[in-house]
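In what follows, a single structure is set out as structure tokens and then discussed.
To find a chain, count down the sequence lines: A is the first, B the second, and so on, and within it residues start at 1.
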There are 2 protein chains.
Amino acid sequence: MAKFSAIKQHLYRKIASGEWPEHHPVSSENALSQQFSVSRMTARRALQELADEGLVIRSKGSGTYVAPIKSQTSFMAIRNIADEVRERGHKYHAVVHTMRQEQATANVAEFLQLPANTPVYHSVITHYENHDPVQVEERWVNPKIVPKYTSQDFTKVTPHEYLSSVAPLTEASHQIEAIAPVEHVMHWLKLEKPEPCLRIQRRTWSESGVVTYALLTHPGSRFVLGGHLTFKKN
Amino acid sequence: MAKFSAIKQHLYRKIASGEWPEHHPVSSENALSQQFSVSRMTARRALQELADEGLVIRSKGSGTYVAPIKSQTSFMAIRNIADEVRERGHKYHAVVHTMRQEQATANVAEFLQLPANTPVYHSVITHYENHDPVQVEERWVNPKIVPKYTSQDFTKVTPHEYLSSVAPLTEASHQIEAIAPVEHVMHWLKLEKPEPCLRIQRRTWSESGVVTYALLTHPGSRFVLGGHLTFKKN
DNA sequence: TAGTGGTCTAGACCACTTT
DNA sequence: AAGTGGTCTAGACCACTAT
């Protein structure tokens, strides 16, 4: 393994384990270069890459500090929340609250383009970053396209991963809005007081039709959706 | 300007102008270090940062090449709020609250990649759909790139339209989050009670650098951000 | 084999923050 | 004044690609 990469791993562990909480000072370039017997440029690279990933904040003349947890996610791609959390060097886990077959409400039936009162699968899962909930995923699934949905273990594979494997995405639509959370959601997100939440409503299609409809709710204090675009002429 | 940054600008122009199309080879590290009389490490940094931004692709033993155009450009196409409102068949109008030159705060200076305390232009505008405010636009503009910004009439042309005409976009980054509005914003949006708001933080670049930094705040009860994606095989 | 990118060194000077 | 991060140099060795 490259030296700068070994140093990154060392720092990842300090941060992910919670040994260095938010705003905690991170070893300086000089300290790391001595500790790992590398040149300052190599130690610097490790710190710089962590800063680019948003895990630490560097400030000239002062030092490097563990960044506050305010996740940033790309909205350009439909990503797997578990991978995102892990890429940030944090621990991921999920809690499944609901997993059953239901009669579709009028609303859900419309989104899934099914007749009302037909059976659909419904799951509710909270996704955690370290020990804080970062997303509640309420999802309804078309049982004709994904008949084995309810027998999966979603603490090990996210619904997104599983669905992608059995019914490859061809199309997706999103709506993003700011809402005040209802009581259920507050409970799942462990919010003591109401706070503005970012809600993503998503429908995804495969070749055989609408696969799933999802409501993804994130606490405003712990989540930022980010994206980067480049434009070319023509 | 730092040397690596000057080299980036040089390469940026080659790519943005179309002189180097997709897959066109980019000058090698050694070539750039000779051309600009810098060490290879400095030339390397310019290329590496362009690769991180997704503008070029580097491949060991072979060389560096202009990256292919990203698909899905349409998802969060940067739209003009006035056009959106009119497309929904509603009346649009704008109220300009602030339009002046200011000293950049540390925050603004950082986003615009300018030294602190340099002059910047600052505008605050509320955009209306029929008689309701739908967006407060707080914007800071780089006066070196857009010297005549403050003499425009933004009740007739939106800042976005004007900026696009004088400094064509080459790049943009967004952050979307749910927030509770501060008092100023509540006033501009004519909110009597606090309600969750959707805030889009956007930086846009042209060939000459960061053009503008904007905070777009929408009342959660009146605004939904939508997008649609289609995926192609391979 | 020549050229390229990937990694690394052991210095250096600067602007900045903290004490 | 001491420490920090930001930039830069002039070398070096390596693995890989193309010819």
So which protein nitrogen or oxygen atoms get under 3.5 Å of nucleotides 7-14 of chain D's nitrogens or oxygens?
unit_1, atom_1, unit_2, atom_2, d
D:dT7, OP2, B:Arg45, NH1, 2.9
D:dT7, OP2, B:Arg45, NH2, 2.7
D:dC8, OP1, B:Lys3, N, 2.5
D:dC8, OP2, B:Phe4, N, 3.4
D:dT9, OP1, B:Lys3, NZ, 3.1
D:dT9, OP2, B:Ser39, N, 2.8
D:dT9, OP2, B:Ser39, OG, 3.1
D:dT9, OP2, B:Thr42, OG1, 2.7
D:dA12, N6, B:Arg40, NH1, 3.1

Can you sort out the partners of B:Ser62 under side-chain hydrogen bond (donor to acceptor under 3.5 Å, both in side chains), two or more places apart, ordered by chain and number? B:Tyr65
The test is side chain to side chain contact (heavy atoms under 4.5 Å, CB included); show your working for A:Val136 and A:Cys197 and say whether it passes. CA-CA 11 Å; A:Val136 171; A:Cys197 288; over 6 Å; no
Check this for me, if you would: do B:Glu102 and B:Arg100 make a salt bridge, where the nitrogen-to-carboxylate-oxygen distance has to be below 4.0 angstrom? yes
Honestly, is B:Arg203 close enough over B:Tyr213, meaning NZ or CZ under 6.0 Å from the six-membered ring centre and within 45° of the axis? no
Nucleotide C:dG5, atom P - distance to CG of B:Asn30 in whole Å: 8 Å
Over 12 foreign heavy atoms within 6.0 Å of NE2, B:His24: yes
Only one of A:Glu129, A:His127, A:His160 clears side-chain contact (heavy atoms from CB on, under 4.5 Å) with A:Ile81; which? A:His127
Report yes if a side-chain nitrogen or oxygen of B:Gln48 is closer than 4.0 Å to either non-bridging phosphate oxygen (OP1 or OP2) of C:dG6; otherwise report no. yes
Indicate whether OP1 or OP2 belonging to C:dG6 is found under 4.0 Å from a side-chain N or O atom of B:Arg58. yes
May I ask you to say whether A:Glu29 pairs ionically with A:Arg58, meaning some side-chain N is under 4.0 Å from a carboxylate O? yes
Crowding at NE2, B:His97 (>12 non-hydrogen neighbours, <6.0 Å): yes
Atom pairs, protein N/O to nucleotides 15-17 of chain C N/O, distance under 3.5 Å:
unit_1, atom_1, unit_2, atom_2, d
C:dT17, O4', A:Gly61, O, 3.4

Rounding to an integer number of Å, can you tell me how far B:Gln34 CD sits from C:dT4 P? 10 Å
